[in-house]
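What follows is a set of notes on a single structure, which appears directly below.
All chains are named by letter (A, B, ...) in the order of the sequence lines, taking the proteins before the strands, and each is independently numbered beginning at 1.
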2 protein chains.
Amino acid sequence: MPSPARRAAGANLPQVRDHNSALVLDLVRRGGAISRVELAAQSGLTAQAITKIVNRLVADGLVTEAGRIGSTGGKPRTLLRLDPTARYAVGVHLDRDDTTVVLTDLTAQKVTRRHVPQGMTADPSATLDRVADAVRAVLTDIADASRLVGVGIACPGPLDHTTGVLHRVTGLPDWDGFPLGAEAADRLGAPVTVDKDTNAAAIGQTLSSPDTPVNFAYLYHGQGIGAGLVLGGRVYRGRRTNAGEFGHQVIDLNGPPCRCGNRGCLEALCRAALDTGNPVRAAHLVGIATANLVHLLDIDHIVLGGPVVLAAAEQYMQEVATTVNALLPEPDWQRVIVGLAADRADTIATGAAALALAPLFNTSTSDDGADRAA
Amino acid sequence: MPSPARRAAGANLPQVRDHNSALVLDLVRRGGAISRVELAAQSGLTAQAITKIVNRLVADGLVTEAGRIGSTGGKPRTLLRLDPTARYAVGVHLDRDDTTVVLTDLTAQKVTRRHVPQGMTADPSATLDRVADAVRAVLTDIADASRLVGVGIACPGPLDHTTGVLHRVTGLPDWDGFPLGAEAADRLGAPVTVDKDTNAAAIGQTLSSPDTPVNFAYLYHGQGIGAGLVLGGRVYRGRRTNAGEFGHQVIDLNGPPCRCGNRGCLEALCRAALDTGNPVRAAHLVGIATANLVHLLDIDHIVLGGPVVLAAAEQYMQEVATTVNALLPEPDWQRVIVGLAADRADTIATGAAALALAPLFNTSTSDDGADRAA
DNA sequence: GCCATAAGTAAACGCTGTTGATTAACTGGG
DNA sequence: CCCAGTTAATCAACAGCGTTTACTTATGGC
């Protein structure tokens, strides 16, 4: 079921509890193996509070004790770890011509994968029936059905993340206004979250690679070019879930016409470069557009994914990295790191699963880069 | 004093209290006149909690009761209002050649203004002495010194908002590494917040115009072109307080060289247009760059300020509005509203005062557009 | 062995918002 | 005119959060 329309901002005790539990779980996730004292230091909570919170997490099976670490003259620290098998999530990448369904564990690692040779070019209801079959199929790999956190669905935008309703998917009138979230929840009887493919990929990167920074952009280069923006540890979607339209930024006033109606969009220029068999030129253009993004958002980490990137991953990555850093006035001060997506092949499907997992860790842990004021 | 280096994310009761107090105060601010029932509905807190919180705010003098509103068959609602005179803040706009100091009330409305004909081209310490004199001068307008919330200082970047230290201000080597926040706090004996001029302007807009949406960009067109980004009701600064470098986005691959070393930056193109006496062309270019920003951040509200804008405000505004909306694929769905800054003349100075006021309302009230997930 | 040191826990506590009952202040019908 | 009905706001008792203080557990060093 899609998330409720509005969530009030007033805080009460249950919310404090949930917030702190999620925060501690997130610190355990990122720490790999971490002790209670470290949790106390990093969270700002007292040791006693950490004890209680960890006890709850252990009782829920999410966290396990994992040995001791050498003493420095006192009682040695007890290490805590996430149990990846404690929970599972299903991710659905609903694309134009086909659909990929994956089952992942708590750390967004792929467990099972299933392919459905039918996508959004087909009838919505019929397609959803087949997708639901595939979801049930991958779920047979979980011993305990109660360990399913939920189902995430990622598809091309535009759509409304809060309601799970699609909005004028280009060239697919049947899907316009289709209540994807509600229909899927009906068929599956499980919580469903709907989001843009690029946002899913970005969340997937955050959860599957514990060292991913709190501010980064995931650039997906496939048929189009889109960005998933993670700012302060959270996906930034904008009001209409329409943020991240990276490919339609104009970088050449006198450039060629684009399918969107404008001239000189990044996407149009890249297409031209690829058509003439020049992928390095395309990567170079993406690098220039990335510099624009870095200037605007002060982001220092870029993750690349998508078929066009994968066609020549190393080369593409290098070209983007050198281009973007060359365009910054002080590369020493604000060097941009460029990397590749964690799950290269099914990056969006695993990301969709991460959509469902995210609420368990739903918090912006540190203030690093997330510093804001009213 | 600059804010502490790190604030942990763990939540405890005092934080809940502060959070909810700030939330309620923010709702009162935005509501203009609002009843306790409405506060309960909008905050999600119970009526009883609102009673307690409002009682505290009234005791602090921040909120006052202001009459009743017609009944709908029961006891009429008691209206609550912000008392603008309850607190004051000082804003300092430290610019290259001169400095503006203002005193504002709780709603970021200008009370007193003072001009210092000396800025960052002069010696840091001597300049700060003169600025401190001006601050003390405007403070004589407050009867009760304890009503001063703090002092905000806005200046051209780059700088580190968290520490209040400047970083390589272009062409002003004396100020490189200058601990502006600490030095000012020393001289004034009051809390000091330092931020980029554009960020200050954006906060000022939020506080002085209660109907400002939670997602918007403040575009300042002066010697350069910068943006202050407010996302989810809070200023987005990025990790190095360097977000919002709007003027150095490349929009013309083959454009003229820019002082930053690249080609085809918005700023370089605008300068060329202005040099040839074509301000409408400059506004048009800004409109194109704004469309890029809208595509990336799904923002539907733009506020314009700065000398170049004010030179022909209506014309500039119109040109930006028509250009940006023409570049969007679905103008009906995502129409962008373009407006002018609230305090046209001293927009950055009043914004600097708002920097100090912001923590009183420090919260993202609604989920409108601020919807995020880990 | 014994002490210093550090990690972690037990018990009592303060304070938050919540719950359920109660009072305050109005409208409208007879 | 008065009383039922309705809505706003409050009073009093309460549950549950993290905190504080005191204590236990487990190691290293002498």
Side-chain angles (χ1 to χ4, degrees), chain A residues 7-25 27-28 31 33-60 63-81 363, chain B residues 7-25 27-28 31 33-60 63-81 363:
Chain A
R7 185 174 23 185
N12 53 21
L13 264 53
Q15 280 178 34
V16 169
R17 172 191 162 124
D18 289 350
H19 169 87
N20 286 339
S21 290
L23 167 64
V24 168
L25 196 62
L27 289 171
V28 173
I34 193 171
S35 67
R36 288 174 176 83
V37 245
E38 289 170 296
L39 288 173
Q42 290 182 31
S43 67
L45 296 170
T46 60
Q48 179 60 220
I50 293 296
T51 292
K52 291 181 187 176
I53 293 168
V54 168
N55 281 349
R56 284 202 307 263
L57 294 174
V58 170
D60 290 344
V63 165
T64 53
E65 296 201 343
R68 299 228 155 112
I69 201 160
S71 152
T72 56
K75 177 175 175 177
R77 303 176 173 190
T78 311
L79 292 179
L80 300 166
R81 256 180 221 288
T363 171
Chain B
R7 184 175 23 185
N12 52 23
L13 263 53
Q15 280 176 36
V16 169
R17 171 190 165 124
D18 289 349
H19 170 85
N20 285 340
S21 290
L23 168 64
V24 169
L25 196 62
L27 289 171
V28 173
I34 193 171
S35 67
R36 289 175 176 82
V37 248
E38 289 169 296
L39 288 173
Q42 290 182 31
S43 66
L45 296 171
T46 60
Q48 179 62 46
I50 293 296
T51 291
K52 291 180 186 175
I53 293 167
V54 167
N55 282 347
R56 286 203 306 262
L57 294 174
V58 170
D60 290 344
V63 166
T64 52
E65 297 200 342
R68 300 227 154 113
I69 200 159
S71 151
T72 57
K75 176 174 174 176
R77 303 176 172 189
T78 311
L79 291 180
L80 301 167
R81 254 180 221 288
T363 172

Starting at atom CG of Leu80(B), determine the distance to atom C1' of dT10(D), rounded to an integer number of angstrom.
-> 14 Å
Side-chain heavy atoms of Ile69(B) within contact of Pro76(B), under 4.5 Å | no
N/O-N/O pairs, protein side and nucleotides 1-5 of chain D side, under 3.5 Å:
residue	atom	partner	partner atom	Å
dG5(D)	N2	Gly73(B)	O	2.7

Any side-chain N or O of Arg36(B) under 4.0 Å from OP1/OP2 of dT10(D)?
-> yes
Distance from Asn55(B) atom CG to Arg36(B) atom CZ, nearest 0.5 Å?
-> 6.5 Å
Roughly, in whole Å, what's the span from CD1 in Ile69(B) to C1' in dC26(C)?
-> 14 Å
Quickly work out the Arg77(A) CZ to dT25(D) C1' distance and round it to whole Å.
-> 16 Å
Test item: Asn20(B) side-chain N/O and Gly10(A) main-chain N/O as donor-acceptor pair under 3.5 Å = no
Does the side chain of Thr78(B) get closer than 4.0 angstrom to OP1 or OP2 of dA9(D) through an N or O atom?
-> yes
For Thr51(B) and for Lys75(B), locate the closest nucleotide of DNA chain D by heavy-atom distance; then report the residue assigned to the nucleotide nearer the 5' terminus.
-> Lys75(B)
Side-chain touch Leu39(B)/Leu80(B), heavy atoms, less than 4.5 angstrom = yes
So does Arg68(A) get a side-chain nitrogen or oxygen closer than 4.0 Å to the phosphate oxygens (OP1/OP2) of dT27(D)?
-> yes
Gap between atom CG of Leu57(B) and atom NZ of Lys52(B) - 0.5 Å precision | 14.5 Å
Measure across Val28(A) and Arg81(A) and return the closest heavy-atom pair with its distance rounded to 0.1 Å.
-> CG1-C, 3.7 Å
Rounded to the nearest 0.5 angstrom, the CG-CG distance for Asp18(A) and Leu13(A) is 11.0 Å
Nearest heavy-atom pair of His19(A) and Ala11(B): which atoms, and what distance?
-> CD2-CB, 3.9 Å
Exercise: identify the closest heavy-atom pair between Ile50(B) and Ser43(B) | CD1-OG, 3.7 Å
Restricting both atoms to N or O, compile the protein contacts to nucleotides 15-18 of chain C shorter than 3.5 Å, with distance only.
residue	atom	partner	partner atom	Å
dT16(C)	OP1	Arg17(B)	NH1	2.5
dG17(C)	OP1	Asn20(B)	ND2	3.0
dG17(C)	N7	Lys52(B)	NZ	3.3
dT18(C)	OP1	Asn12(A)	ND2	3.3
dT18(C)	OP2	Thr46(B)	N	2.9
dT18(C)	OP2	Thr46(B)	OG1	2.6
dT18(C)	O4	Lys52(B)	NZ	3.1

Provide, to the nearest angstrom, the distance between the CD1 atom belonging to Ile50(B) and the P atom belonging to dA9(D).
-> 11 Å
Return no unless some side-chain N or O of Ser35(A) is found under 4.0 Å from OP1 or OP2 of dA7(C).
-> no
